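Shown next, in structure tokens, is the structure this report addresses.
Please read all numbers here as calculations on a predicted model, not as lab measurements. Atoms within a ligand are numbered from 1 in the order they appear, just like the ligands themselves.
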Amino acid sequence: IAENALQCLHDEDYDRPFNTQNLNADTLIFSGGRQGRSLDGEWYFCVDLLDTGLRQKWFAMTPARPEDRIEPWDYDPHDGETVPVPSNWQMLKEKWYFFEGSAWYTRPVTVDALDEGRRRFLRIGAAQYDCKVFVNGQFLGNHYGGSTPFCVELTEALEPGENWIMLCVNNTRTRDRVPMRNTDWFNYGGVYREVTLFETPATVIRELFLRLEGGAVKALVVADGPAESARLEIPELGVKTDIPLTEGRGEVTLEAQPALWSPDSPKLYDVTCAAGGDVVTDRVGFRTVERRGTEIFLNGKPLFLRGISVHEDDEQSGKVTSEADIRRRFEHARELGCNFLRLAHYPHHERAAEIADELGLLLWEEIPVYWAIDFANPATRRDATNQLTELVRRDRNRASVIIWSIGNENPDTDARLDFMQGLAATARAEDPTRLIAAACLINHAKLKIEDRLAGALDIIGINEYYGWYDENFDELAIIGRNSAPDRPVVISETGADGDHEKGPERGLFSTAYQSEVYEKQIATLSDLDYIKGISPWILYDFRVERRQNVFQRGWNRKGLIAADKQTRKPAFGLLAAHYAERASKEE
Ligand code: GCB
């Protein structure tokens, strides 16, 4: 009772001890090729709007210690309703559809005693947005960011026999986070990517980064533990080399001449890295991507990006993405004639880039620095920088990924400039081999492509909606003529809603009007030679809370394909014809 009284007095502080953000890019482990134990499947589940669980310490009420339950408790984490992991709670029950707040996931895990010197790590593929991890009642840390993986070491926390893992996942939109409170995609909550338990020796490989840079293959290994060197092997290239580790870090330039990865020939090499008995593997392609003036070059050849934007969203499963769903997206992109996809507006499932590597598709990957962000807030900046670092470390061996995008439609203020220049510098420090972009806005006052951030970017992404939000279509041609960017521009978005079910015959929200916008956009943009790619908005209709008119009905209807992921709208064929013509001219 005394404790309850204290909780009432200090309400604003109840969660402070849990917002440590100690699970971040530095605690990630490299996961390629590890044989983990899946912890997917049924977990006990309870939504907890008022954070009663943190206040009442539900996590401390372990079944192993019933004596801890000295007062009546309001939830038994070890009994009751279960949900599958991965999932988004919105997709499981109608009463959870608009739920925003904390939810508790609990499950038992039985393990054997660890051999001397061995370690254990829990890896969560993604949880939206704040995930606090408890094991046997002990708080181990939290992670911010809804779309990147994170790891927590459980070596000390797990006991031989039965253990209880609890995750408190909170998807509340708050002012200091990334994204902030307003987005044009659905705020799915929950543990929606895979959860895995890994065992390693005393040395664990945290990072492995291979790339072609300055004409040579370079490798970086970061390991934590006693090993003094790492062994890197790429059998097909005859590479077998020992990399000395100084304070856990080693870098080498290899004598190797790989065949280059390209969309026409997506060659991948098997790579193995071992350090102190820890072994990871990967399949890596080698290629270069550069920009000079307003050109983009892939392996030294000029490149035009025939693209399409995509969200990770599904009528049935929400943000849970299956292998089949990723492959279907890529097949539809191929059918459109794309060589490129913009994975908007947050890191997609890591399988996407692996599959794109195999298929030879080029990708733009992005972090959710979206619209308004509290650019002046150091906590926001730490969060964005961490999400970017986690994304880059996760995917920087993927040849398909050619662009890191550091934001979308952020107003050109001093605070934003400083914040995003910082992000560009982080991306370049983590990975000097890819192009940096952001989806910027047109300067509508000057009718010109002009953004102070451009100097920090390799590619200026431009989102423009002439024919839709911007009614005066003629302005687009004026902007085209007024602009003389010194680097490539990619039209990262353009489009219009078309409701194929209930839309009118013509005018706004008709599929006919959507097609008209595509026709006019294509005609106008094709004349501008600094434009080196387009990725119209968007492949599929996607769910969003904020769009509720009679045609939208909870969906953004700018898809070229409807939410059923089958029904093609007429604009699909139009863009496909344009891309076919472009591709034939390039040949
Ligand atoms: C944009 C945003 C995108 C929206 C889109 C729209 O500019 O970048 O997230 O969904 O417009 O449909 O309004």
Looking at residues at least two apart in the chain, or sitting in another chain, which of them share a side chain to side chain contact (heavy atoms under 4.5 Å, CB included) with S31?
R123, F198, E350
For the backbone of L447 and the side chain of N482, can you confirm whether one donor and one acceptor N or O come within less than 3.5 Å of each other?
yes
Backbone of R342 reached by a side-chain donor or acceptor of E366 within 3.5 Å:
no
Is the W537 ring parallel, tilted or perpendicular to the F542 ring (thresholds 30°, 60°)?
perpendicular
Return the orientation label for the H311 and W185 ring planes: parallel under 30°, perpendicular over 60°, tilted otherwise.
tilted
Side chains of E390 and H143: is there a donor and an acceptor less than 3.5 Å apart?
yes
Got the residues with a heavy atom under 4.0 Å of ligand 1, by chain and number?
D184, H345, Y370, N408, E409, N463, Y465, Y469, E493, W537, F542, R547, N556, K558
